[in-house]
Amino acid sequence: MTDLSLGGSTPAVADDGVWLACVECGDTIAPFDDVVYECPDCGGLLEARYDEYPTFDEFAGDGVWRYAAALPFPEGVSIREGNTPLYDVPEIKAEADVADLRVKHEGANPTGSFKDRGMTVGVKVADRLGVDRLACASTGNTSAALAAYGARANTPVLVLLPAGKVAAGKVAQAALHGARICEVDGNFDDCLDVVSELADRGEAYLLNSLNPFRLEGQKTIGLEILEQSRDAHGNLPDRIVLPVGNAGNTAALYKCFRELVEAGELDEADVPKLTGVQAEGAAPMVEAVEEGRDYVQRWDDVETRATAIRIGNPVNAPKALPGIYDTGGTAVAVSDEKITEAQRMLAEDGVGVEPASAASVAGLLKLRERGDITADERVVCLTTGHLLKDPEAAAEAGGDTTPVPADADGVLDAL
Ligand code: F0G
């Protein structure tokens, strides 16, 4: 049984008010003494815990480190991540027919995805632990972010990618930032199995979202959404709709809200309903939610044009499923066609995203059509990655080019 309650006294293993706790057996572990990714006793997922949870008036500055009071350190290995825009999207709002709709565009981070928020914390922990190699399995964005933050920290980076299934922009980023890129004959889940074994053998420090410190950084998405909604619009969203791969963000947002409730900053009734969206060809979380299960069953064969979320074994499910259930959210699967349609709609509102990101909007439209989301709701959709991450998908979804001669009349004739 997953136990995500935050209360309780500070254990002896705490370091400056921070410790790790197993979400399954409750065991507590010193956070920075040894490299640890899962509970040594029972193998459960770990979560960072603090002796105190901050109030909004403790936050100052901008970006991820504005929220240092909610993080394990006062500062990280930073390339100015976070502080991403919360956009109005009038066309999609009209189509969805909801009281309010905004898009939190994580594509505006330094490497073009939300992964930067996790890496600024995770690579700092690696630095503190004194590791000499960082590694991840990735559908692309994690590898791009880790390559950049590893470069910034002067630590070598190894990335394992599913061969032929990673969008061009992401491989280019990892390559230019100097990561060692291995293309694995297998899917993302196979890559994660292999890199986890390398990490267990002490060959590298693992920076996938299994690493609890990554999710600490990703919590700041939720803090920003709440502050931006409150400051610009005077209200909080009823629901946050987000794409799901490994379910790291779902887990991180839920933790963010639990901490705010613990600090007395958010009423339990005001916690946004966490609503996950997967592609139909890679939807084990949706299957679990539809069957009311508290665990996922791995899908061995996964396929979708939204390669970022081409994942059959969402490792953070034990943290994320309680988030969906306890907030009154849900999960839904959408087709690749609907994802592309949503990508075009976002583009028409001026917001350029990669396919996985558009899944959130496609999911909103589907749930609205089904009546699972009602017209009186204020909704935030999370768009997780920038359009240029996957230039091929963008070009396919967009209009064609027109060959013209090099003169003005020729251009006008062609129009
Ligand atoms: N959207 C994008 C653009 C992603 O890159 C990912 C995950 C997700 C959504 C899913 O987020 O795992 O928190 O549910 N990408 C990982 C990677 C797996 O390797 O880049 P999640």
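Note that the numbering runs from 1 along the sequence shown for the chain. Read the numbers this way: they start at 1 and go in the same order the structure lists the ligands and their atoms.
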Would Phe32 and Phe73 count as a ring pair (Phe, Tyr, Trp, His ring centres under 6.0 Å) here? Give the steps. CA-CA 12 Å; Phe32 312 123; Phe73 307 108; 5.2 Å; yes
Checking heavy atoms under 4.0 Å, the part of Glu354 that sits near ligand 1 is side chain
In ligand 1, the atoms that come under 4.0 Å of a heavy atom of Val244 are 14 (O)
Face-on cation placement of Arg230 at Phe56 ring, 6.0 Å and 45° thresholds:
yes
Next item on the list: Inspect the contact between Arg344 and Glu348 and indicate whether a charged nitrogen and a carboxylate oxygen are less than 4.0 angstrom apart.
Entry: no
May I ask you to test the Asn187-Val302 pair for a side-chain heavy-atom distance under 4.5 Å? yes
Working for side-chain contact (heavy atoms from CB on, under 4.5 Å), residues Lys93 and Asp349 = CA-CA 10 Å; Lys93 177 174 178 278; Asp349 271 327; over 6 Å; no
- Query: Got Leu46 and Val23 here, is their nearest side-chain heavy-atom distance under 4.5 Å?
  - Reply: no
Next on the checklist: Do Ile29 and Val36 have side chains that approach each other closer than 4.5 Å (heavy atoms only, starting at C-beta)?
Outcome noted: yes
The atoms of ligand 1 lying under 4.0 Å from a heavy atom of Ile309, numbered in the order shown, are 8 (C), 9 (C), 10 (C)
- Task: Please indicate whether any nitrogen or oxygen in Ser357 is less than 3.5 Å from any nitrogen or oxygen in ligand 1.
- Result: no
for atom 7 (C) of ligand 1, nearest protein heavy atom and its distance come out as Lys115 NZ, 3.0 Å
The closest protein heavy-atom partner of atom 1 (N) of ligand 1 is Thr384 OG1, 2.6 Å
Nearest non-hydrogen protein atom to atom 13 (O) of ligand 1, with distance, is Asn249 N, 2.9 Å
- Taking distance alone, with no angle check, do Gln218 and ligand 1 share an N/O pair under 3.5 Å? no
Counting from 1 in the order shown, the ligand 1 atoms closer than 4.0 Å to a non-hydrogen atom of Ser138 are 17 (C), 19 (O), 20 (O)
Atoms of ligand 1 under 4.0 Å from any heavy atom of Ile311, numbered from 1 in the order shown, are 18 (C)
Under 4.0 Å from one or more heavy atoms of Gly248, ligand 1 contributes atoms 12 (O), 13 (O), 14 (O), 21 (P)
In this structure, atom 10 (C) of ligand 1 is nearest to the protein heavy atom Gly245 N, 3.4 Å
For Asn141, the atoms of ligand 1 under 4.0 Å from one of its heavy atoms are 2 (C), 3 (C), 4 (C), 5 (O), 20 (O)
Between Val379 and Leu364, the two heavy atoms sitting closest are CG1-CD1, 4.1 Å
ask   = Is Ala247 close to ligand 1, meaning an N/O of one under 3.5 Å from an N/O of the other?
value = yes
Less than 6.0 angstrom from the centroid, inside 45 degrees of the normal: does Arg293 satisfy that with respect to the ring of Tyr295?
yes
Tightest non-hydrogen contact, residues Ala356 and Ile309, listed as CB-CG1, 3.9 Å
Here the atoms of ligand 1 under 4.0 Å from any heavy atom belonging to Asn246 are 12 (O), 14 (O), 21 (P)
- Mind checking whether Tyr87 and His105 have parallel, tilted or perpendicular rings, split at 30° and 60°? tilted
Any side-chain heavy-atom pair of Tyr37 and Ser196 under 4.5 Å | no
The atoms of ligand 1 lying under 4.0 Å from a heavy atom of Thr142, numbered in the order shown, are 16 (C), 17 (C), 19 (O), 20 (O)
The closest protein heavy-atom partner of atom 11 (O) of ligand 1 is Phe114 CZ, 3.6 Å
Logged contact type for Ala308 with ligand 1, heavy-atom cut-off 4.0 Å, is both
message = Under 4.0 Å, counting heavy atoms only: does Ser113 come that close to any atom of ligand 1?
response = no
